[in-house]
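Everything numeric in this text was worked out from a predicted model, so none of it was measured. Starting from 1, each residue takes its place in the sequence as its number.
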Amino acid sequence: MTYTLGIDIGTYETKGALVDQTGAIQAQASRGHKMLVPKPGWAEHNPEQDWWGDFVFICKTILSESGVDASQIKAVACSAIGPCMLPVDESGNPLMNAVLYGVDGRAEAEVRELTKRIGEETVIKRCGNALTSQSVGPKILWLKRQRPAIYSETAYILSSSSFIVMRLTGEVVIDHYTAANFSPLYDIEKQEWVDDLADDILPMEKLPRLMWSGEIAGHINKEAGQMTGLAFGTPVTVGTIDAAAEALSVGTDACGDMMMMYGSTIFIILKAHSMVTDPRIWYAPWLFKGEHASMAGLATSGTLTHWFRDQIARDYSLQDAFPALAKEAEKSPPGANGLLMLPYFSGERTPLHDVHAKGAMFGFNLTHTRGDMYRALIEGIAHGTRHVTDTFAELDQAPRRLLAVGGGTKNSLWLQATSDITGIDQIVCEKTNGASYGDAFLAAVAVGLADRSDIALWNPVVNTITAKPKAVYDKAHDLFRRLYQQTKDIASELT
């Protein structure tokens, strides 16, 4: 029997899956970590502890608990949150905490300046994406201006998965899908690094070498093998962002397939027929050469349910809280008895791209219960999701089918509300492990142990959530959109 190992580093947890050649999971492990928020609007990880430390722990735990000899693992793939901005020295040692993806809005001034200097139309044409809090280029410019000593010591700027691959193999590489988020440093037509749009951000030699996610970046070196227990010489793929691996795990492979990841954030990937550029959404080359993807993401989703549990439902144990809150919410009718929630607790990413957006719950009266509040929270996330799916439809990119994945798929209330509010049926596959499983599959494809079409056998469909549209939701969605617009100015003035 041969195996592949997939490990995914998320915002709050790292997960690993050891998968055999038939797609069966032989062992799993996970480890939690924290997102650091040193200032409002900032979001960081400690890469040594949260990324590499977790990776080593997962490897050792899986090898120990499975009893599998490391030599039987034929390939390793890693995905991670992204795009991140991590300056490292020549040996790959972090020079500061990693600046996270679009939930970190510290480079707002640099986003505005670069957009004005280059021109939004030029940025979108060349880079495929407007400059937003998701873009890495402005964050590098922030580093240059606000942390000049660190910038001067920087040998490379890495994202999360590229940091792990460098630790494992010594190779400094990045996949095209992740690199496309380094705007304005990546040209989507040329599919290469460029500095003609902004030559003052970073010398090109400090960016990783570009490769495709299905390629082998290198092999486990001796030091990494000693630390992780993995066999010296084991192939390691280039890696990618977690959401892309998650999409792969449920078979998002045909044009028109859309993946909706229910995690700490909602993230959406559509396998597109062609390159689609619009300032409201994101574009990137897909994991394989010659293919395209359109993406979108909310800033806070599952994170909100955890916030609600920790702040509003302290009378329940951590184990009992979510099932109990779901029961309370089920007593509240669709529309949550007139409560509306704006889920913008960390600003908002697509399609608003508003780092100043604020969370709000509107419409309270003395009859409202905690169940109403929790239902309003779930529905607020679903309204934010509909804002995205409606945007795709406006761009003639409505999905052929929608595949749901991630931890949030265990929340039936959330799934049904999302289908009812968006009006879209959702497909749920047998395995919802997500990115770590997709990584293991990608590793198998990379070394010839599986074909891309095999994912339908590895992870078959087991359930469909049928949309049951309701008039109350159409009215609520209109009010949801208006509530944001009518409070936008106030939100921007709040500190």
Side-chain angles (χ1 to χ4, degrees), residues 5-17 19 28-33 35 43-45 47 50-52 54-55 58 76-86 98-104 134 136 158-165 174-182 213-214 236-252 258-271 282 284 286-287 293 295-303 349-350 403-409 429 431-443 455 459:
L5 176 64
I7 296 179
D8 173 65
I9 301 168
T11 305
Y12 294 102
E13 187 177 35
T14 299
K15 299 178 181 178
V19 180
Q28 299 182 75
S30 62
R31 190 186 200 189
H33 51 248
M35 181 177 77
E44 300 179 351
H45 272 171
D50 302 328
W51 297 353
W52 182 242
D54 279 12
F55 190 94
I58 296 295
V76 176
C78 176
S79 62
I81 51 167
C84 298
M85 192 279 290
L86 175 65
V99 177
L100 300 194
Y101 51 99
V103 296
D104 186 288
Q134 188 83 348
V136 176
L158 303 180
S159 194
S160 43
S161 57
S162 53
F163 172 72
I164 295 296
V165 171
I174 193 169
D175 64 302
H176 286 268
Y177 178 83
T178 304
N181 294 279
F182 274 58
S213 296
V236 179
T237 71
V238 176
T240 189
I241 292 175
D242 54 0
E246 198 121 13
L248 198 64
S249 78
V250 289
T252 309
M258 177 181 280
M259 181 276 301
M260 185 174 293
M261 182 180 75
Y262 288 79
S264 55
T265 69
I266 287 280
F267 199 87
I268 293 172
I269 296 177
L270 176 78
K271 178 77 180 299
W282 302 308
W286 188 225
L287 305 184
M295 290 81 59
L298 307 188
T300 41
S301 306
T303 306
R349 296 192 287 174
T350 59
L403 300 121
V405 67
T409 57
C429 293
K431 301 178 183 71
T432 59
N433 309 69
S436 60
Y437 190 75
D439 291 327
F441 180 71
L442 184 61
I455 192 63
N459 197 11

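Taking CG of Leu287 as the start and NZ of Lys271 as the end, the distance is 9.0 Å to the nearest 0.5 Å. One finds the CD1 atom of Ile241 at 4.5 Å from the CG atom of Asn181 (value rounded to the nearest 0.5 Å). Summarising the geometry, atom CG belonging to Leu270 is positioned 10.0 Å from atom CH2 belonging to Trp286; distances are rounded to the nearest 0.5 Å. Here the OG1 atom belonging to Thr409 is positioned 11.5 Å from the CE atom belonging to Met261, to the nearest 0.5 angstrom. From Arg349, atom CZ reaches atom CD of Gln134 across 5.0 Å, with rounding to the nearest 0.5 Å. A distance of 13.5 Å separates CD1 of Ile7 from NZ of Lys15, quoted to the nearest 0.5 Å.
In this structure, Ala245 and Thr240 approach most closely via the heavy-atom pair N-CG2, 4.0 Å. Of all heavy-atom pairs spanning Leu403 and Cys429, the tightest one is CD2-SG, 4.2 Å. For Thr350 against Ala296, the heavy-atom pair with the smallest separation is OG1-CB, 3.2 Å. Contact record, Ser161 with Cys78: CB-O, 4.1 Å, taken as the closest heavy-atom pair.
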Verdict with supporting geometry, Ile9 and Asp242, side chain to side chain contact (heavy atoms under 4.5 Å, CB included):
CA-CA 7 Å; Ile9 301 168; Asp242 54 0; over 6 Å; no
Please determine whether side chain to side chain contact (heavy atoms under 4.5 Å, CB included) holds for the pair Leu100 and Ile81, giving the CA-CA distance in whole Å, both sets of side-chain angles, and the decisive distance to 0.1 Å.
CA-CA 8 Å; Leu100 300 194; Ile81 51 167; 3.6 Å; yes
Stepwise side chain to side chain contact (heavy atoms under 4.5 Å, CB included) check, Asn459 with Val250:
CA-CA 6 Å; Asn459 197 11; Val250 289; 4.0 Å; yes
Stepwise side chain to side chain contact (heavy atoms under 4.5 Å, CB included) check, Ser213 with Leu442:
CA-CA 8 Å; Ser213 296; Leu442 184 61; 4.1 Å; yes
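Listed for the Thr303 side chain is a donor-acceptor partner under 3.5 Å among the backbone atoms of Ser264. Although no hydrogens or angles enter the test, the distance criterion places a donor-acceptor pair under 3.5 Å between the side chain of His33 and the main chain of Gly10. Between the side chain of Ser159 and the main chain of Cys84, a donor-acceptor pair closer than 3.5 Å is present. Counting only distance, with no hydrogens or angles, the side chain of Ser249 and the backbone of Ala435 share no donor-acceptor pair below 3.5 Å. Of the possible polar contacts, one joining the Thr252 side chain to the Ala247 backbone as a donor-acceptor pair under 3.5 Å is found.
A search for side chain to side chain donor-acceptor pair (under 3.5 Å) contacts involving Asp104 returns Arg106, not counting sequence neighbours. For Ser79, the side chain to side chain donor-acceptor pair (under 3.5 Å) partners at least two apart in sequence or on another chain are Asp8, Asp439. Partners of Trp51 by side chain to side chain donor-acceptor pair (under 3.5 Å), not counting sequence neighbours, listed by chain and number: His45.
For the residue pair Thr11 / Tyr101, a side-chain donor-acceptor distance below 3.5 Å is found, with atom types taken as modelled.
For the pair Tyr177 and Ile269, the minimum side-chain heavy-atom distance is below 4.5 Å. At a threshold of 4.5 Å between non-hydrogen side-chain atoms, the residues Val405 and Tyr437 do not count as touching.
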